S.K.: 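Have a look at the structure that comes next, please.
The structure displayed is predicted, hence computed values, not measured ones. For ligands, and for the atoms within them, numbers begin at 1 and follow the listed sequence.
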Amino acid sequence: MIWQLTSYWRSLITPLFFCLLLQPPQTQLATTTKPNIVLLMADDLGIGDIGCYGNDTIRTPNIDHLAKEGVKLTQHIAAAPLCTPSRAAFLTGRYPLRSGMDAINNYRVIFWNGGSGGLPPNETTFAKILQQQGYSTGLIGKWHQGVNCESCNDHCHHPLNHGFDYFYGMPFTLISDCLTTEPPEMDREFRSKLWLCTQMIGLVTLTSALARLTGLISVSWKTVTCLAGFSLLFFTSWFSSYGFIRYWNCIMMRNHEVTEQPMVTERTTSLILRESISFIERNKHKSFLLFLSFLHAHTPLLTTEKFLGKSSHGLYGDNIEEMDWMVGQVLDAIEREGLKNITLVYFASDHGGWLERQEGKRQLGGWNGIYRGGKAMAGWEGGIRVPGIFRWPGVLPADTVIDEPTSLMDIYPTVVHLAGGVVPQDRVIDGRDLMPLLQGTVQHSEHEFLFHYCGVHLHAVRWHQKESGAIWKAHYVTPVFRPPGAGACYDRGFCPCFGEGVTHHDPPLLFDLSRDPSEAKPLTGNTEPLFDIVIKKIGRAIEEHRRTLTPVPEQLSFYNIMWKPWLQPCCGTFPFCWCDKEGDNKLADL
Ligand SMILES: *[C@@H]1O[C@H](CO)[C@@H](O)[C@H](O)[C@H]1NC(C)=O
Ligand SMILES: *[C@@H]1O[C@H](CO)[C@@H](O)[C@H](O)[C@H]1NC(C)=O
Ligand SMILES: *[C@@H]1O[C@H](CO)[C@@H](O)[C@H](O)[C@H]1NC(C)=O
């Protein structure tokens with residue numbers, strides 16, 4: 001009864017209030033105050049996996065609702081088709097090769113927590129600028145931008161050294177080795193290398209011991225002992241590598257501390273969700289940035305009991321539906337705390353779905369809808385076109401779709417400006433402020449050209465010809481699909497960027513995505529009167545773009561990606577790294 005009365009009065013008073021003010025106050029107010037920023041990023045999620053992007057069998061009601069209340073981008077492009085470089089670009093607003101975070105060789109991501117490559121300390125993330133602007137900044141979930149440079153706890157690449165006040169999650173990425181029940185992804189190769197080293201050093205040790213005993217060559221006992229020590233180290237590493245990768249890479253950290261080594265996968269999802277909600281609650285009275293970087297929907301698809309077998313697309317579908325539920329929980333927390341109208345929420349994936357990831361006939365990677373190609377392929381749309389949703393009630397229009405080309409790198413200047421900061425002036429920033437486009441005050445995105453890199457190799461370029469609306473895309477290099485025509489590199493697991501596994505095109509393959517979004521039929525001089533003009537225009541743009549590039553240290557060089565025992569984060573005494581500090585932490589009933 002009381003409820004009915006108050007809601008009755010409210011329904012009378014609210015319009016009155018708005019009339020008195022003549023214009024809705026919300027817009028004015030919200031653009032002048034600093035909004036909270038909540039960035040939700042899925043891992044390996046395809047654009048075709050989400051309801052509001054056309055999937056009618058995977059249920060993603062919460063993400064769909066987010067789009068209904070905000071702006072949905074249909075041409076949102078990742079700067080790279082793999083985690084490490086794409087996320088480096090996202091965090092810095094720059095093409096990954098500007099920070100040395102894209103590869104010259106075949107090692108295109110960070111492979112170990114104990115490697116020395118990572119996001120260089122002199123790169124300025126948006127988190128760092130927001131922190132300087134007084135924001136409370138948190139990263140929950142996946143990092144995959146490196147940990148250490150020179151010692152096992154210098155944490156030079158760690159989130160806390162890159163502008164985050166709080167970190168809870170995996171410094172690495174989810175891999176199959178994290179689950180004891182899954183066939184390992186990395187173990188086998190690593191183990192055979194260790195075994196080879198063990199044998200070689202063992203042989204050298206034996207030979208030198210014999211030489212010493214027989215007096216053939218003068219070798220000191222010290223050298224022999226030292227060699228024997230190394231043999232023992234390699235032998236124990238090899239021996240314990242049965243399940244060891246889990247201890248090296250599948251770890252959880254809270255700030256600078258390793259909390260689980262190896263991570264207890266049964267509780268990871270609820271801990272990540274609980275940490276995210278708790279971060280929002282803790283910081284509700286100030287401006288905050290929360291970057292929730294999901295471990296979903298990367299294999300091995302960690303999924304809790306509640307969602308297993310619930311979707312119509314097997315484990316992959318279950319995993320996405322669980323992630324959508326988590327999105328809903330976070331949005332509920334924002335609403336519950338009364339922050340909905342002062343919070344900009346963003347949802348995206350770091351790149352396209354992984355086509356080659358199958359088990360028998362079952363697809364374990366994502367689905368990229370009508371787009372050709374997938375993860376690891378830089379040129380084909382499926383590798384780089386991802387969902388992109390923004391919501392900020394009262395400031396951004398609701399239920400709006402924008403087809404203009406935008407980049408994940410645009411988040412950088414967008415959130416920096418919203419926080420009242422300025423982007424660094426001493427370097428090239430490739431992202432563009434999205435607010436005018438999202439608010440509808442301009443019709444076109446600022447991006448005329450976008451460059452699609454595979455490692456440091458330029459594979460394709462997109463030109464948005466604003467006057468005509470054409471989205472030209474020229475492919476200079478494309479991967480060789482195997483088996484031919486299969487649409488992916490099933491024989492390798494990933495498509496390569498250079499060498500035998502690619503085809504060079506001269507003249508380039510040209511498509512107009514506005515007419516042929518699936519890149520099905522390349523245009524030629526005969527079928528497209530503008531062919532030569534377009535190719536020439538794009539060629540000049542490449543020259544201009546190349547002039548802005550400067551050589552920087554390679555973060556993914558062979559040396560940098562190699563596992564180094566002395567850089568291994570470890571919560572015991574190396575090599576006995578084991579701990580479970582969440583043990584007493586009762587699982588929340590989320
Ligand atoms: C929805 O996603 C699933 C799993 O990725 C995929 O198999 C299916 O084809 C998608 N449906 C549509 C209509 O895109
Ligand atoms: C939030 O913004 C919406 C859209 O402008 C408005 O209808 C609603 O009343 C606002 N809510 C609050 C609590 O200010
Ligand atoms: C960071 O340091 C490297 C190596 O000294 C340098 O090449 C690069 O230009 C620097 N980057 C920035 C953004 O200052």
Side-chain angles (χ1 to χ4, degrees), residues 10-11 13-15 17-18 21 23-31 33 35 42 44-60 68-70 88 91-101 118-125 128 149 156-157 162 296-297 301 311-321 323-324 334-344 349 352-355 357-358 361-371 374-375 382 387 391-399 423-430 518 548-555:
R10 198 172 335 140
S11 68
I13 287 169
T14 314
F17 180 71
F18 273 90
L21 285 170
Q23 57 172 0
Q26 206 52 42
T27 318
Q28 225 56 38
L29 194 75
T31 36
T33 53
D44 286 17
L45 176 79
I47 191 169
D49 287 325
I50 300 293
C52 60
Y53 283 91
N55 201 303
D56 49 11
T57 43
I58 292 190
R59 290 161 298 183
T60 54
K68 199 104 202 112
E69 293 186 324
L91 287 159
T92 60
R94 292 144 57 75
Y95 284 109
L97 77 168
R98 295 197 196 277
S99 54
M101 289 294 274
L119 193 63
N122 67 351
E123 286 294 329
T124 308
T125 66
K128 191 161 257 175
C149 292
C156 68
H157 305 303
H162 274 300
H296 298 63
L301 304 167
S311 78
S312 50
H313 288 287
L315 184 58
Y316 185 77
D318 298 348
N319 193 251
I320 290 180
E321 295 192 3
M323 181 188 68
D324 178 76
I334 291 170
E335 196 153 1
R336 199 164 55 236
E337 299 301 340
L339 304 173
K340 187 170 171 182
N341 283 5
I342 53 165
T343 303
L344 172 71
S349 176
W354 189 0
L355 302 180
R357 194 73 168 89
Q358 294 177 323
K361 280 258 159 276
R362 209 157 56 110
Q363 183 68 25
L364 293 182
W367 171 250
N368 300 317
I370 60 165
Y371 303 108
K375 175 174 177 174
R391 184 192 76 177
W392 185 1
V395 177
L396 301 183
D399 205 7
V423 301
Q425 303 295 307
D426 62 346
R427 65 198 71 180
V428 180
I429 300 288
D430 298 295
S518 306
T548 70
L549 299 173
T550 45
V552 290
E554 239 185 279
Q555 296 300 323

S.K.: Is the shortest distance from a heavy atom of Pro120 to ligand 3 less than 4.0 Å?
M.R.: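 So Pro120 does not count as touching ligand 3.
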
S.K.: What's the shortest distance from atom 9 (O) of ligand 3 to any protein heavy atom, and which residue and atom give it?
M.R.: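 For atom 9 (O) of ligand 3, the nearest protein heavy atom is Val552 CG1, 4.0 Å.
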
S.K.: Of all the atoms in ligand 3, which lie at a distance below 4.0 Å from a heavy atom belonging to Pro553?
M.R.: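 Close to Pro553: 3 (C), 4 (C), 7 (O).
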
S.K.: Using a 4.0 Å cut-off to any heavy atom of Arg427, which atoms of ligand 3 qualify?
M.R.: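 Numbered from 1, ligand 3 contributes 13 (C).
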
S.K.: Check ligand 1 against Asp49 and write out every atom of the ligand that is under 4.0 Å from a heavy-atom position of the residue.
M.R.: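 Near Asp49, the atoms of ligand 1 are 2 (O), 4 (C), 5 (O).
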
S.K.: Can you find an N/O atom of Asp56 closer than 3.5 Å to an N/O atom of ligand 1?
M.R.: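 No, no N or O pair falls under 3.5 Å.
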
S.K.: Closer than 4.0 Å to some heavy atom of Gly54 - which atoms of ligand 1 meet that?
M.R.: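 Contacts of ligand 1 toward Gly54, numbered from 1: 13 (C).
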
S.K.: For atom 10 (C) of ligand 1, grab the closest protein heavy atom and report residue, atom and distance to one decimal in Å.
M.R.: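 For atom 10 (C) of ligand 1, the nearest protein heavy atom is Asn55 ND2, 2.6 Å.
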
S.K.: Using a 4.0 Å heavy-atom cut-off, say whether Ser99 meets ligand 3 through its side chain, its backbone, both or neither.
M.R.: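 For Ser99, there is no contact with ligand 3 at all, from either part.
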
S.K.: Atom CD1 of Ile47 and atom OG of Ser349: how far apart are they, to the nearest 0.5 Å?
M.R.: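 The distance works out to 9.5 Å.
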
S.K.: Considering only heavy atoms, which of Thr550, Thr92, Asn122 lies nearest to atom 1 (C) of ligand 3?
M.R.: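 Checking each option, the heavy atom nearest atom 1 (C) of ligand 3 is found in Asn122.
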
S.K.: With atoms numbered from 1 as shown, which atoms in ligand 1 lie under 4.0 angstrom from a non-hydrogen atom of Ile58?
M.R.: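 The list of qualifying atoms is 2 (O), 3 (C), 4 (C).
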
S.K.: Near His313, which atoms of ligand 1 are under 4.0 Å from a heavy atom of that residue?
M.R.: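 Counting atoms of ligand 1 from 1, those under 4.0 Å from His313 are 3 (C), 4 (C), 6 (C), 7 (O), 8 (C).
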
S.K.: For atom 14 (O) of ligand 1, what's the nearest protein heavy-atom neighbour? Residue, atom name and distance, please.
M.R.: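 So the nearest neighbour among protein heavy atoms is Trp367 NE1, 2.9 Å.
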
S.K.: Hey, which atoms in ligand 1 end up nearer than 4.0 Å to a heavy atom of Tyr316?
M.R.: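 It comes down to these atoms of ligand 1: 5 (O).
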
S.K.: May I ask you to check whether over 12 heavy atoms, not counting those of Lys340, lie within 6.0 Å of atom NZ?
M.R.: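 It does: Lys340 NZ has more than 12 such atoms within range.
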
S.K.: Hey, is atom 7 (O) of ligand 3 under 4.0 Å from any protein heavy atom?
M.R.: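 Under the 4.0 Å cut-off, atom 7 (O) of ligand 3 does have protein heavy-atom neighbours.
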
